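Only one structure is covered here, and it is reproduced in the block below.
All of these numbers come straight from a predicted model, not from anything done at the bench. Numbered from 1 within each chain, the chains take letters A, B, ... in sequence-line order.
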Number of protein chains: 2
Amino acid sequence: MKVTEIRNKIIEKGLKVTPQRIAILEAIIKLNNHPTAENILDYIRDNHPNIATATVYKVLDALASNKLIKKVKTERDVMRYDAVMESHHHLYCSESDRIEDYKDNELNELLEKYFETKGIPDFQIEDIKLQIIGKFMTNR
Amino acid sequence: MKVTEIRNKIIEKGLKVTPQRIAILEAIIKLNNHPTAENILDYIRDNHPNIATATVYKVLDALASNKLIKKVKTERDVMRYDAVMESHHHLYCSESDRIEDYKDNELNELLEKYFETKGIPDFQIEDIKLQIIGKFMTNR
DNA sequence: TTGTTATATGATAATAATTCTCCTTTGAAA
DNA sequence: TTTCAAAGGAGAATTATTATCATATAACAA
């Protein structure tokens, strides 16, 4: 993803384009491993040695509330961030902090069809996310 | 659930039975709304005015690691606790903090069958939890 | 019942991620 | 270039949770 594309994403949302915002969004996209705020800070400190911690959080909030990134919460209590905005599920390692995206349209259709006919009493479904817990058979 | 039953649950796990543990486990069962540590404290303070906050957390940890309760993590960052130990899913209100259990064996079987045949490359599934986000059509 | 000991509790300090405050800087529209 | 709302920086504050450690108590045995 080129910087121009990232700039455009930010402009499309009516946000001001700042070096910090570009760096942070770029970091989340490049890292592609659901980084924490700290991971992001470490990554961008090379090129932005003066960025403030609070700025990172503020930018992450701004990006998340403008749907440029998603917040991902885990069992342990650090927020993690994801730049993949298509609806998708997550694979959680039961032994480490590793999290991977899991996209499966066949599954989405299956679930959609299932709940369409069955439904849930007194509940209007907006989104379904699977947390698939287990063990990765490969190291990343 | 009678106190004797709660005592037995604790004894079965080889834990010492203390008034604090009974009160906390009882509170989670009675409240039945995935309370936070604070909710639990408020609830039991009537009968246990001197219980320490740290004790509540320690008891919650002890109960969770002995599989008498489950920790439930939400988008906001307070841990919540659940005494329903059968594998089940959760309905999350997109507008409030309400969380309800969702049990559906038909769905579990469907998912099991789906992943049994399809599988996930390089991943060994241990458990699948659905986060179903939407709106409740009733107030509790 | 009493004594013993490992374990649990209570009080309070510490921690760590995140948020707030407030002042300065900057992007972008005119 | 000017203007000014919005964004960033620095560091204090907040808040849920954990750690520490002295005291109390459950469970077991005598």
Side chain of [X]: nearest nucleotide among [options]?
| X | options | value |
| --- | --- | --- |
| Ile51(A) | dG9(D), dT19(C), dG10(C) | dG9(D) |
| Val78(B) | dA16(D), dA26(D), dT18(C) | dA16(D) |
| Tyr57(B) | dA16(D), dA6(D), dG8(D) | dA16(D) |
| Lys16(B) | dA11(C), dG27(C), dA27(D) | dA27(D) |

Do [X] side-chain atoms and [Y] backbone N/O form a donor-acceptor pair below 3.5 Å?
| X | Y | value |
| --- | --- | --- |
| Arg7(A) | Lys2(A) | no |
| Thr55(A) | Ile51(A) | no |
| Arg80(A) | His34(A) | yes |

Of Ala54(B) and Arg21(B), whose closest DNA chain C nucleotide lies nearer the 5' terminus?
-> Arg21(B)

Identify, between Asn50(B) and Leu15(B), the residue whose nearest nucleotide on DNA chain C lies closer to the 5' end.
->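 Closer to the 5' end of DNA chain C: Leu15(B).
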
Grab the [atom1]-[atom2] distance between [X] and [N] for me, whole Å please.
| X | N | atom1 | atom2 | answer |
| --- | --- | --- | --- | --- |
| Leu60(A) | dG8(D) | CG | C1' | 14 Å |
| Asp97(B) | dA16(D) | CG | P | 12 Å |
| Arg80(A) | dA17(C) | CZ | C1' | 15 Å |
| Ile44(A) | dG8(D) | CD1 | C1' | 12 Å |
| Asn39(B) | dT17(D) | CG | C1' | 15 Å |
| Asp61(B) | dT17(D) | CG | C1' | 9 Å |
| His48(A) | dT25(C) | NE2 | C1' | 16 Å |
| Glu38(A) | dT15(C) | CD | C1' | 14 Å |

Taking only N and O in the side chain of Thr18(B), is any of them less than 4.0 Å away from OP1 or OP2 of dA26(D)?
-> no

Counting just side-chain N and O atoms, does Gln20(B) come under 4.0 Å of either OP1 or OP2 of dT25(D)?
->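 Indeed not, no polar side-chain atom of Gln20(B) lies that close.
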
Pair of N/O donor and acceptor under 3.5 Å linking dT20(D) base with Lys58(B) side chain | yes

How long is the gap from CD on Glu109(A) to CG on Asp104(A), to the nearest 0.5 Å?
-> 9.5 Å

Geometric cation-pi criterion Arg98(B) and Tyr92(B), 6.0 Å radius, 45° cone = no

Could you say whether Thr36(B) or Arg7(B) is positioned toward the 5' end of DNA chain D, judged by the nucleotide with the nearest heavy atom to each?
->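 Comparing both residues, the 5'-ward one is Thr36(B).
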
